[in-house]
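The chains referred to below are lettered A, B, ... by the order of the sequence lines, with proteins before strands, and numbering in each begins at 1.
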Protein chains: 2
Amino acid sequence: MSGPSTHAFLKHIPLFSVCHEDELSRLAERAIEQRYEKGQMLFQRGDPCQGMYVLVYGRIKIAIVARQGTEKVIEIIHPSQSFGEAVMFLEQPYPVMAQAVEDSLVLFIPAETLFTALDDDSRLARRMLAGLSMRLRTLLKDVETYTLESAVERVVGYLLNSLEDSDDNVVNLPVNKQTLASRLNLTPETFSRVLQKLSEQAGIVVEGREIRVPDRNKLSEMRNLA
Amino acid sequence: MSGPSTHAFLKHIPLFSVCHEDELSRLAERAIEQRYEKGQMLFQRGDPCQGMYVLVYGRIKIAIVARQGTEKVIEIIHPSQSFGEAVMFLEQPYPVMAQAVEDSLVLFIPAETLFTALDDDSRLARRMLAGLSMRLRTLLKDVETYTLESAVERVVGYLLNSLEDSDDNVVNLPVNKQTLASRLNLTPETFSRVLQKLSEQAGIVVEGREIRVPDRNKLSEMRNLA
DNA sequence: CGAGCTGAATGATCAGAGTCAAGAATCGAG
DNA sequence: CTCGATTCTTGACTCTGATCATTCAGCTCG
């Protein structure tokens with residue numbers, strides 16, 4: 001990806017789509033392309049933060065690591081999503097780690113570059129505020145899910161959510177089941193058992209990373225009854 | 001609280017402390033004082049959001065409500081804290097509810113007023129971005145706590161955290177034990193038992209809403225062993 | 001093609017925390 | 001000060017989901 005295509009790429013990211021052309025050019029110019037192989041770390045908890053990221057292609061997982069090394073996936077980043085903005089504003093070390101779960105290409109935007117852009121354009125600031133607010137809302141939803149819902153409810157919720165976008169009846173898991181289980185705050189074993197149960201009782205069909213859902217209502221009903 | 005004192009109050013809130021005098025005056029002028037009695041709702045999930053709040057005195061709890069009416073406290077707001085900004089930027093209905101747990105006075109700042117101030121002053125925008133980022137970090141920490149820590153660890157963590165500010169060895173619970181239990185994602189019963197256990201094994205002394213911690217290290221050690 | 005990995009499924013067991021039910025203590029209004 | 005209502009504590013029991021251990025399936029690579 002060279003200069004001009006970086007410009008084009010940024011332009012269709014919601015966050016930057018409001019920017020003026022010359023501002024976009026400036027951002028594109030200073031953005032740094034970084035390639036990561038599957039398994040490589042982008043940053044670890046405690047690392048200093050010098051800017052934000054936008055994922056071009058591949059897949060990144062964001063996770064927290066407990067004292068004993070237990071890892072809990074917070075978020076799975078898809079292409080065109082940005083991450084790391086919040087930490088940049090706080091000027092504190094990363095509270096999480098980021099790791100490529102597939103070969104990935106990211107754009108790194110240095111903090112200085114972004115701060116300048118923010119001062120120049122109050123619309124960008126507004127977008128950014130909305131973006132962080134959205135992130136906050138999502139995280140809040142996660143808290144709600146983790147604390148108020150059972151294992152079955154969490155899985156059903158995830159599946160129905162994933163179905164909303166695509167209009168066929170298939171969910172393609174974005175990562176392996178271990179990682180997804182962690183994202184849903186389940187052990188792989190429990191996740192497997194829940195899928196098993198849903199196959200029997202809600203008629204879903206699991207084939208590797210592909211899950212077919214012939215009847216959404218039936219699946220949805222599993223949430224209500226214990 | 002009249003106009004001039006509102007100005008003074010806002011001035012010592014970190015978020016607004018960067019504002020110019022005339023901007024502060026404008027904010028103070030348009031801010032609306034609202035009084036709530038203990039138990040009164042400020043807003044409910046689903047209500048439209050027209051601005052943000054700053055708590056002057058009293059105590060507010062922010063909570064999510066599940067389908068069956070189960071309530072989970074997300075945050076306990078103390079004086080000088082602001083809340084509701086994120087929802088304002090999203091222009092969506094509230095995903096949470098807010099209720100006064102003591103007689104309270106809040107300042108309501110209309111969205112329009114704030115948006116104007118943001119456009120006029122990029123420093124305010126920057127502060128606001130930092131503020132939301134901070135909120136995000138806190139919520140992330142909560143996810144970490146809920147998913148990775150046991151009941152005892154959560155309570156010990158809360159106590160040690162509360163001790164950090166005050167330098168005597170006493171924690172004064174800001175709300176009743178039910179509410180605090182919910183904030184820590186525990187049932188009141190479990191919370192009570194954990195306090196019981198910590199009294200026996202870590203030497204803390206519980207007297208109503210006052211908890212004395214003679215030995216922080218001893219308390220801290222409770223986190224590690226099962 | 002077979003050895004060795006990694007990811008996934010399954011079974012047996014266990015434990016942490018929730019639920020239900022019953023008292024005790026505390027608070028607040030009159 | 002007293003009655004009634006919350007709020008808190010304690011006990012007995014249950015249950016969800018974690019842990020541990022094993023087997024199985026699918027790949028990759030020499």
Side-chain angles (χ1 to χ4, degrees), chain A residues 37-39 59 61 66 68-73 99 101-102 145-156 158 172-200 204-211 222-223 225-226, chain B residues 37-39 59 61 66 68-73 99 101-103 145-157 172-201 204-211 222-223 225-226:
Chain A
E37 287 176 18
K38 179 174 177 171
R59 205 128 295 174
K61 78 168 183 214
Q68 308 91 335
T70 355
E71 185 183 298
K72 155 96 188 72
V73 176
Q99 184 183 29
V101 291
E102 287 177 20
T145 304
Y146 293 147
T147 60
L148 255 30
E149 294 184 4
S150 69
V152 172
E153 288 171 317
R154 296 207 289 276
V155 175
V156 170
Y158 174 81
N172 271 294
L173 307 185
V175 289
N176 65 27
K177 292 184 186 167
Q178 286 179 56
T179 307
L180 189 54
S182 173
R183 169 75 247 271
L184 296 171
N185 203 31
L186 301 168
T187 56
E189 292 95 325
T190 302
F191 186 48
S192 176
R193 283 175 190 127
V194 170
L195 287 181
Q196 179 57 33
K197 181 175 178 181
L198 294 179
S199 301
E200 290 164 7
I204 71 170
V205 183
V206 183
E207 272 168 11
R209 281 202 193 172
E210 199 174 291
I211 300 183
M222 298 290 299
R223 277 202 289 210
L225 38 103
Chain B
E37 287 176 19
K38 179 174 178 170
R59 205 128 296 175
K61 79 168 181 214
Q68 307 91 334
T70 354
E71 186 182 298
K72 155 94 187 73
V73 176
Q99 183 183 31
V101 290
E102 286 176 19
D103 294 353
T145 305
Y146 293 147
T147 61
L148 256 28
E149 293 184 3
S150 69
V152 172
E153 288 170 319
R154 296 207 289 277
V155 175
V156 170
N172 271 293
L173 307 185
V175 288
N176 65 27
K177 291 184 185 166
Q178 286 179 57
T179 307
L180 188 55
S182 173
R183 169 74 245 271
L184 296 171
N185 203 30
L186 299 169
T187 57
E189 292 95 326
T190 301
F191 186 48
S192 178
R193 284 177 189 124
V194 170
L195 287 181
Q196 179 57 34
K197 182 176 178 181
L198 293 179
S199 301
E200 290 164 7
Q201 299 182 26
I204 70 169
V205 183
V206 182
E207 273 168 10
R209 282 202 194 172
E210 200 174 292
I211 300 183
M222 297 290 299
R223 278 203 287 209
L225 38 101

Problem set entry | Within residues 182-192 of chain B, residues whose heavy atoms come under 4.0 Å of DNA chain D |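 Only B/E189, B/S192 qualify.
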For this session: Not counting sequence neighbours, which residues clear side-chain contact (heavy atoms from CB on, under 4.5 Å) with B/Q196? List them please.
Result: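 side-chain contact (heavy atoms from CB on, under 4.5 Å) list for B/Q196, sorted by chain: B/E200.
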Exercise. Is any N or O donor-acceptor pair between the side chain of A/R193 and the base of C/dG11 shorter than 3.5 Å?
Worked result: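 It does, because a donor-acceptor pair links the side chain of A/R193 to the base of C/dG11 below 3.5 Å.
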Exercise. Under 4.0 Å between a side-chain N or O of B/Q196 and OP1 or OP2 of D/dT9?
Worked result: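 No, B/Q196 has no side-chain N/O under 4.0 Å of OP1/OP2 on D/dT9.
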[X] has an atom [atom1]; how far is it from atom [atom2] of [N], in whole Å?
{"X": "B/R209", "N": "D/dT9", "atom1": "CZ", "atom2": "P", "result": "12 Å"}
{"X": "B/K177", "N": "C/dA25", "atom1": "NZ", "atom2": "C1'", "result": "11 Å"}
{"X": "B/E71", "N": "C/dG18", "atom1": "CD", "atom2": "C1'", "result": "18 Å"}
{"X": "A/K72", "N": "D/dA18", "atom1": "NZ", "atom2": "C1'", "result": "15 Å"}
{"X": "A/K197", "N": "C/dA9", "atom1": "NZ", "atom2": "P", "result": "17 Å"}
{"X": "B/N176", "N": "C/dG28", "atom1": "CG", "atom2": "C1'", "result": "15 Å"}
{"X": "B/K38", "N": "D/dT7", "atom1": "NZ", "atom2": "C1'", "result": "11 Å"}
{"X": "A/Q178", "N": "D/dA18", "atom1": "CD", "atom2": "P", "result": "14 Å"}

Problem set entry | Test item: B/N176 and B/R209 side chains (from C-beta on) under 4.5 Å apart, heavy atoms |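 In contact.
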Problem set entry | Straight-line distance of B/T147 OG1 to A/L184 CG, nearest 0.5 Å |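 Here the interatomic distance stands at 12.0 Å.
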Problem set entry | Spacing of B/E189 atom CD and B/Q178 atom CD [to the nearest 0.5 Å] |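 Answer rounded to 0.5 Å: 9.5 Å.
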Exercise. Under 3.5 Å, side chain of A/S199 to main-chain N/O of A/L195, donor-acceptor pair present?
Worked result: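 Yes, the answer is positive, given that a donor and an acceptor are paired below the 3.5 Å cut-off.
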Exercise. Is the side chain of B/R59 donor-acceptor paired with the backbone N or O of B/E102 at a distance under 3.5 Å, no angle test?
Worked result: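 No; judged by distance alone, with no hydrogens or angles, the pair does not exist.
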